[in-house]
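Okay, so here's the structure we're looking at.
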2 protein chains.
Amino acid sequence: MSSVTKALDLLSHFSAARAEIGLSQLCRIAKRDKATTYRHLQALEVAGFVEQNPTSKQYRLGPAVLQLAQTREATVPRKASTERPLFDLTETTGETAHVTVLSGTKMFGLAVCDSPRHGTRAIIDIDVFPLHATASGLCALAFGPKGLMDVALADLTSFTTETATTPSALSNTVDAIRQTGFGRAMRSYETEIEGVSAPLFDQTGQFAGAVSVASVATRFTPALEHTIKEHLMIASRDITHNWGGTIPSHIEGLWAKSLTTPHALDSTS
Amino acid sequence: MSSVTKALDLLSHFSAARAEIGLSQLCRIAKRDKATTYRHLQALEVAGFVEQNPTSKQYRLGPAVLQLAQTREATVPRKASTERPLFDLTETTGETAHVTVLSGTKMFGLAVCDSPRHGTRAIIDIDVFPLHATASGLCALAFGPKGLMDVALADLTSFTTETATTPSALSNTVDAIRQTGFGRAMRSYETEIEGVSAPLFDQTGQFAGAVSVASVATRFTPALEHTIKEHLMIASRDITHNWGGTIPSHIEGLWAKSLTTPHALDSTS
DNA sequence: AACAATGGTTCAATATATGAACCACCAAAA
DNA sequence: TTTTGGTGGTTCATATATTGAACCATTGTT
């Protein structure tokens with residue numbers, strides 16, 4: 001482990017919950033020597049990555065990180081950082097995958113990656129994803145801001161016979177998603193498409209969008225669903241990470257549970 | 001120079017203008033060995049501070065900085081607390097305003113507010129403000145920690161014909177600022193920009209940064225200067241207050257004097 | 001006054017960083 | 001096809017920069 005890595009690792013111990021950390025305390029947390037830690041903090045301080053509260057002598061994150069974040073935000077658009085995870089997702093599942101972002105009260109398509117494997121495949125060509133009928137939209141209703149449900153209820157357009165067109169039906173669907181951590185749209189937008197999606201989070205910890213796989217219904221087996229969910233988790237973690245966020249632990253918990261327990265949904269096949 | 005410092009220093013070469021940098025290029029810019037730079041980049045990459053564009057192999061800032069910035073913002077909301085005063089300052093003066101913070105021996109840009117009023121306006125796009133050539137930097141020399149002058153004297157880069165490039169010239173400039181309480185950079189960093197700034201103080205009563213207005217030289221009249229100074233005082237008190245500090249009474253005294261007495265500078269018009 | 005914290009410092013031992021030279025690869029010339 | 005000049009990446013002997021036990025100076029508590 002290089003000294004650079006060790007020094008950078010110190011930064012990871014700062015969080016909203018632990019904003020200021022003293023030297024000795026940091027040594028305990030990071031399980032490291034005091035002299036070394038001190039010197040690393042010095043180096044981080046001259047670079048502006050940490051600064052010292054002059055009164056308490058405790059260290060906290062410095063202004064340099066703001067600058068870097070500004071540059072990163074200005075130069076690396078969200079879309080670009082989804083491309084690799086999306087590509088991997090498509091490769092491993094063999095199905096078309098896409099990313100949607102929540103902007104205001106609408107879910108917009110941000111990026112798509114078509115699978116070259118099958119002759120028939122889902123074609124994603126919509127701009128705004130209906131909240132009540134698509135996996136991404138339902139994901140937003142389940143994990144996004146509260147006000148979203150009212151917006152969804154205002155337009156319960158029926159796309160297929162499976163579309164939830166009553167408040168109670170929609171409510172039930174969303175509740176089910178809150179149990180599993182995965183958005184599911186079973187032929188509710190297009191008759192031959194099964195959609196599965198996982199939520200994405202930004203650096204504020206807020207729901208920011210969804211990553212989804214759209215599979216042709218005829219080949220959507222429980223086994224495929226399981227595979228898709230596994231790789232959706234990976235993609236979601238990846239993209240969320242790229243956006244500066246982390247998957248909330250309760251979502252991770254839901255995922256873990258819904259992948260290990262005998263699947264209620266799968267037994268319907 | 002520790003290897004940690006060297007590695008962190010690499011990050012400072014990324015900017016909006018230079019978002020992606022290749023290994024060789026970075027070596028030239030940073031004037032450093034390739035093998036070492038490579039290893040440092042590796043360490044930075046593992047920590048998420050940089051990432052590599054998979055196709056071009058170039059490096060760019062990574063997602064980790066977003067997370068750090070988020071916690072910094074959440075816990076030390078300095079930036080947030082400057083936004084209102086900055087906005088007001090821009091509104092009342094019609095000129096671009098910005099806030100810089102002193103961290104170690106460098107003045108970092110923290111926040112900018114562009115004036116929408118004029119077609120031509122100052123664009124603030126520097127990360128580290130030269131101590132000897134900018135209003136903020138001179139403010140730091142005048143009211144900041146003592147050791148700062150030595151640092152400034154070590155680099156008297158000439159940006160324009162007006163830049164103070166000799167110790168005595170710089171000393172005179174700083175002395176003048178100590179008389180008025182306002183930093184002044186008259187075309188000393190960019191030929192067409194006049195900068196005025198006021199110091200900011202933190203909860204310990206120490207100099208912590210500066211709030212500045214950058215005006216296009218051609219419309220910088222004595223009347224405008226007077227207006228700017230009036231509102232700089234307000235902004236400085238505001239921001240300092242938000243940071244838990246108070247303006248030292250001697251600074252208040254300087255301000256009162258320099259705004260009521262017949263202005264030496266103004267009479268030049 | 002003794003104690004137990006804290007932040008900060010020292011110095012010999014050595015682990016770790018270093019960089020000249022190297023390879024593999026690519027694209028444009030020759 | 002070979003050459004050239006540019007990448008990114010790797011090696012290894014050298015020695016320099018890092019390390020941590022033990023230390024000091026302060027501070028607040030018992």
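A note on names: the letters A, B, ... follow the listed sequences, proteins ahead of strands, and every chain is numbered from 1.
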(request) Evaluate ring-ring contact (aromatic ring centres under 6.0 Å, His included) for B:Phe207 paired with B:Phe143, printing each intermediate quantity in order. (result) CA-CA 6 Å; B:Phe207 173 89; B:Phe143 306 112; 7.1 Å; no

(message) I'd like to know whether A:Leu23 forms a side chain to side chain contact (heavy atoms under 4.5 Å, CB included) with A:Lys34, so could you lay out the CA-CA distance, the side-chain angles of the two residues, the decisive distance to 0.1 Å, and finally the verdict.
(response) CA-CA 7 Å; A:Leu23 174 59; A:Lys34 192 166 61 162; 3.8 Å; yes

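One finds a salt bridge joining A:Arg72 and B:Glu51 here, because a Lys/Arg side-chain nitrogen approaches an Asp/Glu carboxylate oxygen to under 4.0 Å.
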Sub-3.5 Å pairs of nitrogen or oxygen atoms, protein against nucleotides 16-18 of chain D:
from: D:dT18; atom 1: OP1; to: B:Ser3; atom 2: N; distance (Å): 2.7
from: D:dT18; atom 1: OP1; to: B:Ser3; atom 2: OG; distance (Å): 3.4

Check nucleotides 26-29 of chain C for protein N or O atoms closer than 3.5 Å to its own N or O atoms and list the pairs.
none

Write out a two-atom table: protein N or O, nucleotide N or O from nucleotides 7-9 of chain C, distance below 3.5 Å.
from: C:dG7; atom 1: OP1; to: A:Leu23; atom 2: N; distance (Å): 2.6
from: C:dG7; atom 1: OP2; to: A:Ser24; atom 2: N; distance (Å): 2.6
from: C:dG7; atom 1: OP2; to: A:Ser24; atom 2: OG; distance (Å): 2.4
from: C:dG7; atom 1: O6; to: A:Lys34; atom 2: NZ; distance (Å): 3.3
from: C:dG8; atom 1: OP1; to: A:Gln52; atom 2: NE2; distance (Å): 3.3
from: C:dG8; atom 1: OP2; to: A:Gln52; atom 2: NE2; distance (Å): 3.4
from: C:dG8; atom 1: OP2; to: A:Tyr59; atom 2: OH; distance (Å): 2.8
from: C:dG8; atom 1: O6; to: A:Lys34; atom 2: NZ; distance (Å): 2.4
from: C:dT9; atom 1: OP2; to: A:Tyr38; atom 2: OH; distance (Å): 2.8

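Per the geometry, CG belonging to B:Leu10 stands 10 Å off P belonging to C:dT18, to the nearest Å. The separation between A:Leu41 atom CG and C:dT6 atom P is 15 Å, rounded to whole Å. Counting to the nearest Å, the P atom of C:dT16 and the CG atom of A:Asp33 are 13 Å from each other.
Residues satisfying the side chain to side chain donor-acceptor pair (under 3.5 Å) criterion with B:Asp33, sequence neighbours excluded, are B:Thr36.
Using cut-offs of 30° and 60° on the angle between ring planes, the pair B:Phe49 and A:Phe49 is tilted. Ring geometry for B:His98 against B:Phe129 counts as parallel: the plane angle stays under 30°, on a 0 to 90° scale with 60° as the upper cut.
Inspection of the A:Thr71 and B:Ser15 side chains reveals no N or O donor paired with an N or O acceptor under 3.5 Å. Using a 3.5 Å distance cut-off with no hydrogens or angles, the side chains of B:Ser3 and A:Ser3 do pair a donor with an acceptor. Remark: the B:Ser188 side chain and the B:Thr163 side chain contain no N/O donor-acceptor pair separated by less than 3.5 Å.
End-to-end axis angle of the helix from C:dT9-D:dA22 to C:dA21-D:dT10, using five pairs per end and rounding to 10°, comes to 50°.
Residue B:Arg178 places its CZ atom among more than 12 non-hydrogen atoms of other residues, nucleotides or ligands, all under 6.0 Å distant.
If you take atom C1' in C:dC23 and the same atom in C:dG19, they sit 16 Å apart, rounded to whole Å.
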Let me have the donor-acceptor pairs involving side chains of residues 5-12 of chain A, under 3.5 Å, with sequence neighbours excluded, atom names and distances please.
from: A:Thr5; atom 1: OG1; to: A:Ser2; atom 2: OG; distance (Å): 2.8
from: A:Ser12; atom 1: OG; to: A:Asp9; atom 2: O; distance (Å): 2.6

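Regarding contacts with the backbone of D:dG6, every side-chain N or O of B:Arg28 stays at 4.0 angstrom or more from both OP1 and OP2.
The one candidate from A:Asp88, A:Thr93, A:Val211, A:Thr90 that meets the side chain to side chain contact (heavy atoms under 4.5 Å, CB included) condition with A:His231 is A:Thr93.
Side chain of B:Ser236 to backbone of B:Leu232: no donor-acceptor contact under 3.5 angstrom is found.
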